[in-house]
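Working notes, beginning with the structure itself.
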Amino acid sequence: MKTDTQISAKKSWAQALARPAAEFPLTQLLVKSGKIPAGLRGTLYRNGPGRLERGGMNAGHWFDGDGAILAVHFTDAGAAAVYRYVQTAGYQAEEKADKFLYSNYGMTAPGPVWLRWRKPVKNVANTSVLALPDRLLALWEAGPPHSLDLQTLETRGTDDLGSLESGYSYSAHCKRDPITGNIFNFGITQGASTKLNLYKSDSTGQIFQKATVALDGIPMIHDFVFAGKYLIFFVPPMRLKALPVLAGISSYSESFEWKPELGTQILVIDSETLSLVSRGETEPWFQWHFANGFVKEDGSVAVDFVRFADFQTNQRLKEVAAGETRTDAEGTLWRVHLNPQTGKVTAAEELLDQPCEFPTVPASEIGQDSRYIYLAMYRPDVDIVPERYGAIARLDTQSRNLTIADCGKNRYPAEPIYVPDISSEKGWIVTVIYDGNSDSSEVWIFDSDGLSREPVCQLELPGVIPLGFHGTWKSAV
C-alpha cells in the first residue's frame, strides 16, 4: 500500500501517462484564447506512447507504449483534430487478449523463459512521423514504418517504401533535404557483423539509393544529422549484450553496457553517394537527438546536439513510464566542429549550459547554418529531478540570447515545431500542452519572434494527449 508521501511525490505530469489515452474522432476545436493566425494553414502531426498499461501490468519503459497519433488540421474553417492509435499487428493482438504478449525495448515477453525467445519484438510505431504527399508514416526505431491516411489517421499497414527488405528497420529520425526534397534515413541490422543500412528516398518516400556501413558490435544509434554534403553519425560507446536479449532473459534497455573506453565513434557519409568518407573517434558521450549540422565556409562541419555524460538518461526515461523520476540525468546543448575528411573533432563548445532536449530548427534550414534552435526546457527554479519540461525556448546561436516561454505550473509542452506562415515571412511555434491543473490538453501557438509573450492562440483538445516524442508539420498545398 502506498503512503501519502509516496503519492504526493508524483508530479502532475504523471496523470497524463497513468491511464491509456482515449482516441477521439475528428473534432472542431474551441478557441480558448486569441485567434488562429490567418497564415497558419496545414497540419500538425504528433506521435508518442498512448498506452503504457495492459491487464493491470505496466510497460517496462516509456519507449514501450503503443503509438498514438494526433493530427490537428488548420483550414479556413478553423482547427479540427483527430487522435488514433496506430493499428499495428501487435497492438491489435494485445487489444484482443487484454494483456502484454511481446517483448519490447524495456520489457521481456511474459510467460516461461524457454518460450520468450520465439516471440517477436512488437513494433510500437510510437516515435515520430513523416508526412509524404499521399500518406503519413508512423516511425519506430527497429522496424518498418506504418502507413496512415493523412486526414483520418486510419492505419493502412506496414510500408516498404518500394524496396525496404523484409525484417529491416527504417529508423525514427529521417532527415529531409529542403533543397532537393530527398529524404535520408537509416536502420541497423544486428548480427555477428552489425550493419548500418543507409537509405535515400525521393520526396514521395520511394527509396532509390541504398548503402551499408559496417559497425563494431551492436551500438545504440537513435538519430543522425544531415549536414548538406554529409550525413554524420555519432556512435556512442555502448554495446548490446545480445545473448540475454535473444534468450529472453533481459530486455534491450537492461542489456546495453556503457563502455567509455571505446570513445564516441564519428562516421561521415557522403550524402550524394552514401559512401563512407571517414571514421573518427573522440571522447565518450551519449546523445539522443541532434538539432542540425552544416558545412562552414572553411569546409569543416558544425554539429549541434544535446549531449549527455553517459547512458543514465535511459534509466530516467524508464522512470517516466512509472510516473515518478528519481534519476538526475540531463543533457545540455553542444556544438562540435569536425574535419569531415578525417572524422576528427577540432573543437567542442557548450552552446547552452541548461538542461534541455528535443532540439529543432525550421525545416527549410535543415543542413544549413540555422540561426535559431528551438528546445524544450525546465521552468526556472524547479527541482528538475521529479519534473518534466515545463517551458520551450529559442536559442540565438549568434548572440547566445535565450528566449523562454514558461508554460506555467503543472503545464508540460511537447517538442516545439516551427511553422512557416503561408502568406508572410513570419513563423509560428506550435506545441501541444498537457495541463495537469485541469487534466486536459491544448494546442498553443506562439509568434516565433515573441516566445516570451503570451501565446497568440490556445485551442482546447477534446481529450488528454500523453507526453510524447516527435512531430512534424505539413503545409497546406
Smallest separation among heavy atoms of [X] and [Y], with atom names:
X: Asn47; Y: Ala138; result: ND2-CB, 4.1 Å
X: Tyr83; Y: Gly50; result: OH-CA, 4.0 Å
X: Leu459; Y: Ile445; result: CD1-CD1, 4.4 Å
X: Tyr85; Y: Pro20; result: OH-C, 3.9 Å
X: Val82; Y: Thr152; result: CG2-O, 4.0 Å
X: Val124; Y: Gly65; result: CB-O, 3.5 Å

Parallel, tilted or perpendicular: which describes the rings of Phe63 and His222, with under 30° parallel and over 60° perpendicular?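 Parallel, since the angle between the ring planes stays under 30°.
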Residues two or more places apart in sequence or in another chain: which of them pass salt bridge (Lys or Arg N to Asp or Glu O under 4.0 Å) with Arg307?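 Counting only residues at least two positions away or on another chain, Arg307 forms a salt bridge (Lys or Arg N to Asp or Glu O under 4.0 Å) with Glu283.
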Which residues pass the salt bridge (Lys or Arg N to Asp or Glu O under 4.0 Å) test with Asp223, not counting sequence neighbours?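 Salt bridge (Lys or Arg N to Asp or Glu O under 4.0 Å) check on Asp223 returns Lys175.
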Run the side-chain contact (heavy atoms from CB on, under 4.5 Å) test on Leu351 and Leu395 for me, step by step, so that the C-alpha distance in whole Å, both residues' side-chain angles and the decisive distance to 0.1 Å come before the verdict. CA-CA 9 Å; Leu351 295 180; Leu395 177 70; 4.0 Å; yes
Residue among Trp334, Phe308, Phe305 satisfying ring pair (Phe, Tyr, Trp, His ring centres under 6.0 Å) with Phe234: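 The option that passes is Phe305.
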Donor-acceptor pairs are to be reported for all side-chain atoms of residues 363-373 against protein atoms at under 3.5 Å, with residues two or more places apart or in another chain.
from: Glu365; atom 1: OE1; to: Ser370; atom 2: OG; distance (Å): 2.5
from: Gln368; atom 1: NE2; to: Ser364; atom 2: O; distance (Å): 3.2
from: Ser370; atom 1: OG; to: Tyr372; atom 2: O; distance (Å): 3.4
from: Arg371; atom 1: NE; to: Asp396; atom 2: OD1; distance (Å): 3.0
from: Arg371; atom 1: NE; to: Asp396; atom 2: OD2; distance (Å): 3.0
from: Arg371; atom 1: NH2; to: Asp396; atom 2: OD2; distance (Å): 2.7

With a cut-off of 3.5 Å and sequence neighbours excluded, list every side-chain donor-acceptor pair involving residues 463-477.
from: His470; atom 1: ND1; to: Glu415; atom 2: OE2; distance (Å): 2.9
from: His470; atom 1: NE2; to: His173; atom 2: NE2; distance (Å): 3.3
from: His470; atom 1: NE2; to: His289; atom 2: NE2; distance (Å): 3.0
from: Trp473; atom 1: NE1; to: Ser475; atom 2: OG; distance (Å): 3.2

From [X] [atom1] over to [Y] [atom2], what is the distance, rounded to the nearest 0.5 angstrom?
X: Lys200; Y: Ile269; atom1: NZ; atom2: CD1; answer: 12.0 Å
X: Arg54; Y: Asp64; atom1: CZ; atom2: CG; answer: 12.5 Å
X: Trp140; Y: Ser171; atom1: CH2; atom2: OG; answer: 10.0 Å
X: Glu95; Y: Arg51; atom1: CD; atom2: CZ; answer: 5.5 Å
X: Leu164; Y: Gln206; atom1: CG; atom2: CD; answer: 11.5 Å

Taking Lys195's backbone N and O only, do any of them form a donor-acceptor pair with Thr212's side chain (distance below 3.5 Å, no angle check)?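 Judged by distance alone, no pair lies under 3.5 Å.
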Test item: Thr431 side-chain N/O and Ala414 main-chain N/O as donor-acceptor pair under 3.5 Å: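 Side chain of Thr431 to backbone of Ala414: a pair is present.
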Given the side-chain rings of Phe224 and Phe184, with only the six-membered ring counted for Trp, is the space between their centroids under 6.0 Å?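 They do not qualify: ring centres at least 6.0 Å apart.
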Is a salt bridge present between Asp216 and Arg239, judged by a nitrogen-to-oxygen distance below 4.0 Å?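 Judged by the 4.0 Å cut-off on N to carboxylate O distance, Asp216 and Arg239 do not form a salt bridge.
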Side-chain ion pair, Lys122 and Glu94, N-O less than 4.0 Å: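 Yes.
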Report the residue from Ser128, Ser147, Cys174 that forms a side chain to side chain contact (heavy atoms under 4.5 Å, CB included) with Leu137.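 For Leu137, the side chain to side chain contact (heavy atoms under 4.5 Å, CB included) check succeeds only for Ser147.
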Check step by step if side-chain contact (heavy atoms from CB on, under 4.5 Å) holds for Met220 and Phe286. CA-CA 9 Å; Met220 155 86 77; Phe286 181 77; 3.8 Å; yes
With sequence neighbours excluded, what pairs up with Ser448 under the side chain to side chain donor-acceptor pair (under 3.5 Å) test?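 By the side chain to side chain donor-acceptor pair (under 3.5 Å) rule, Ser448 matches no residue at all.
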Check whether the side chains of Asn314 and Tyr105 place a donor and an acceptor atom closer than 3.5 Å, and report yes or no.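 Checked: Asn314/Tyr105 side chains pair up, N/O donor to acceptor below 3.5 Å.
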Under 3.5 Å side-chain donor-acceptor pair for Asn197 and Thr189: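 Yes.
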Under the side chain to side chain contact (heavy atoms under 4.5 Å, CB included) rule, collect the residues that match up with Pro355, sequence neighbours excluded.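 By the side chain to side chain contact (heavy atoms under 4.5 Å, CB included) rule, Pro355 matches Glu330, Tyr378, Ile384.
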